[in-house]
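Just below is one structure, and these are the notes that go with it.
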Amino acid sequence: MTSPPSPPSPSSDLLAARDLVRRSRRVVILTGAGVSAESGVPTFRGPAGHWKRFRPEELATPEAFRRDPCLVWSWYDHRRQALAACAPNPGHGAVARYLEANPEAHLVTQNVDGLHQRAMRPEGSAVPHPRIHELHGSIARLRCSGPGCTWAAEDPRRIDASREDRLPRCPSPGCGALVRPDVVWFGEMLPEAALTAAFEAASRAEVCIVAGTSALVHPAASVPLATLRAGGTLVEVNPEATPLSPHARWCLRGRAGELLPPLLAEPDPPA
Ligand code: OAD
């Protein structure tokens, strides 16, 4: 009988980074599309990424929505339906357990897929986690596109984008403007509360872990710089180098679903 293959032993960088994370309480984790890649969600700039197949200015700008709301909605509806078939992966699970165990930890995410929230909360709960800061919004939420109207709601239902008169409209009395996905489009401001909370947490953090982002889109990619400016340490988890790599004390090269669980694991209880 042969014994099952043992898992590869963790690298010395992983062990060193894990030790620092264990000794720290104020930890910020910044994630990007790569963290959801192992759940089957396409990234933006990878070989099969959204921006390799589509032009952002045709699908992800306020002008595009004004010009052709059916086209924009059909792309978002397709992504919403595809996401319904995806589940959080071990990377999301590790982050969720870490946030639960460490009341001073914050998660800042550029992802609109809601998989971090789904890994944290019981199925069906729509209450956002107070230490998850979604910098680019959420694809499961809708909001009014009308000027000055603040209506928004979590609603992952299918959108019929076959004709403009079938698109959802704002239910606020006297409004009736088209409803749009509650995500940040190119040229738009990021949600102020999430942005402020992200930079506050990062500037207090002893460690910032950056996982699965190309670190090309600001201000999100500047969040780890706030930790560095305050004297904290940067740890990168990504199969590839990014503009943040030269600033990282440890660059853990590999997949988030494989590296985040050991990086964020609680120490074993004493025997
Ligand atoms: P990108 O597609 O730009 O980058 C994905 C990163 O994930 C790359 O650096 C990959 O090397 C890495 N990656 C791929 N698979 C991975 C895995 N299994 N584990 C860990 N890392 C992996 O996605 P983002 O950086 O998230 O903005 O893109 C930032 C923003 O640009 C998005 O939020 C979106 C886009 O335009 C808006 O839509 C506003």
Side-chain angles (χ1 to χ4, degrees), residues 14 17 29-65 72 75-76 78-80 83 86-95 107-116 119 132-141 143 180-191 194-195 198 208-224 234-248 250-264:
L14 173 56
I29 304 168
L30 170 69
T31 62
V35 165
S36 296
E38 290 153 82
S39 294
V41 182
T43 63
F44 289 90
R45 296 172 181 82
H50 293 300
W51 301 153
K52 289 279 159 62
R53 294 181 292 150
F54 307 110
R55 286 156 52 90
E57 56 273 29
E58 283 171 13
L59 296 169
T61 64
E63 295 73 29
F65 189 69
V72 172
W75 187 58
Y76 278 97
H78 174 77
R79 286 174 63 197
R80 282 156 60 99
L83 264 173
C86 296
N89 66 52
H92 298 109
V95 172
L107 169 68
V108 179
T109 187
Q110 300 164 85
N111 298 347
V112 299
D113 57 33
L115 289 174
H116 283 299
I132 298 183
H133 311 297
E134 293 178 323
L135 289 186
H136 293 168
S138 163
I139 201 170
R141 252 186 345 254
R143 75 174 161 92
R180 55 167 280 183
D182 190 7
V183 298
V184 175
W185 283 332
F186 287 93
E188 292 187 317
M189 305 289 283
L190 273 60
L195 192 61
C208 179
I209 299 168
V210 185
T213 176
S214 58
L216 292 171
V217 174
H218 291 266
S222 303
V223 167
L234 188 57
V235 179
E236 182 172 70
V237 175
N238 197 314
E240 291 172 16
T242 78
L244 287 173
S245 305
H247 304 286
W250 295 289
C251 295
L252 308 178
R253 293 280 168 245
R255 296 172 174 188
E258 288 162 12
L259 290 170
L260 287 176
L263 179 63
L264 299 173

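Each ligand, and each atom within it, is numbered from 1 in the order the structure gives. Not measured: the values here are computed from a predicted model.
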Please verify whether a non-hydrogen atom of [X] lies at under 4.0 Å from ligand 1.
| X | result |
| --- | --- |
| Leu216 | no |
| Trp185 | no |
| Pro239 | yes |

Check: For ligand 1, does Thr43 get within less than 4.0 Å through its side chain, its backbone, both, or neither, judged by non-hydrogen atoms?
Finding: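 Both parts.
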
Is there side-chain contact between [X] and [Y], with at least one heavy-atom pair below 4.5 Å?
| X | Y | value |
| --- | --- | --- |
| Leu260 | Ile209 | yes |
| Leu264 | Ile29 | yes |
| His133 | Leu107 | no |
| Pro219 | Leu195 | yes |

Check: Polar-atom distance check: Thr213 versus ligand 1, any N or O pair below 3.5 Å?
Finding: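 Between Thr213 and ligand 1, an N or O pair is found under 3.5 Å apart.
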
Notebook entry, point to check: Can an N or O of Phe44 be found at a distance shorter than 3.5 Å from an N or O of ligand 1?
Noted result: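 Looking only at distances, the answer is yes, because the N/O contact criterion of under 3.5 Å is met.
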
Margin query: At less than 4.0 angstrom from any non-hydrogen atom of Ala256, what atoms of ligand 1 do you find?
Written below: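 In order of numbering, the contacting atoms are 17 (C), 19 (N), 20 (C).
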
Notebook entry, point to check: Looking at Phe186, which atoms of ligand 1 are within less than 4.0 Å of one of its heavy atoms?
Noted result: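 Contacts of ligand 1 toward Phe186, numbered from 1: 36 (O).
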
Residue, atom name and distance, where the atom is the protein heavy atom closest to [atom]:
| atom | answer |
| --- | --- |
| atom 17 (C) of ligand 1 | Gly34 O, 3.2 Å |
| atom 27 (O) of ligand 1 | His136 ND1, 3.5 Å |
| atom 28 (O) of ligand 1 | Arg45 NH1, 3.1 Å |
| atom 18 (N) of ligand 1 | Glu38 OE2, 2.8 Å |
| atom 10 (C) of ligand 1 | Asn238 OD1, 3.6 Å |
| atom 6 (C) of ligand 1 | Gly212 O, 3.5 Å |
| atom 23 (O) of ligand 1 | Ala33 CB, 3.5 Å |
| atom 36 (O) of ligand 1 | Trp51 NE1, 2.9 Å |

Note to self: Over 60° means perpendicular and under 30° means parallel, so tell me whether His116 and His92 are parallel, tilted or perpendicular.
What the structure shows: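 Taking His92 first and then His116, their aromatic rings stand perpendicular (interplane angle over 60°).
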
Next item on the list: Check whether any side-chain N or O of Asn111 sits under 3.5 Å from a backbone N or O of Ala33 as a donor-acceptor pair, and report yes or no.
Entry: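 Yes: the side chain of Asn111 pairs with the backbone of Ala33.
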
Next item on the list: Carefully, step by step, assess Val184 and Leu135 under the rule side chain to side chain contact (heavy atoms under 4.5 Å, CB included).
Entry: CA-CA 8 Å; Val184 175; Leu135 289 186; over 6 Å; no

Checklist line | Ion pair check, Arg255 and Glu240, cut-off under 4.0 Å | finding: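 Salt bridge between Arg255 and Glu240, a charged N being under 4.0 Å from a carboxylate O: no.
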
Note to self: I'd like the name of whichever of Ser214, Gly91, Gly46, Pro56 reaches closest to atom 1 (P) of ligand 1 through any heavy atom.
What the structure shows: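 Residue with the shortest heavy-atom distance to the ligand atom: Ser214.
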
Next item on the list: Identify the heavy atoms of Asn89 and Ser39 that sit nearest to each other, and give their distance.
Entry: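 Closest approach of Asn89 to Ser39: ND2-OG, 3.1 Å.
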
Notebook entry, point to check: Going by atom types only, do Ser138 and Asp182 share a side-chain donor-acceptor pair under 3.5 Å?
Noted result: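 No donor-acceptor contact under 3.5 Å links the two side chains.
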
Next item on the list: Kindly indicate whether a cation-pi arrangement holds for Arg80 with Trp75, taking the cut-offs as under 6.0 Å to the six-membered ring centre and within 45° of the axis.
Entry: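 Verdict for Trp75: no cation-pi partner in Arg80.
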
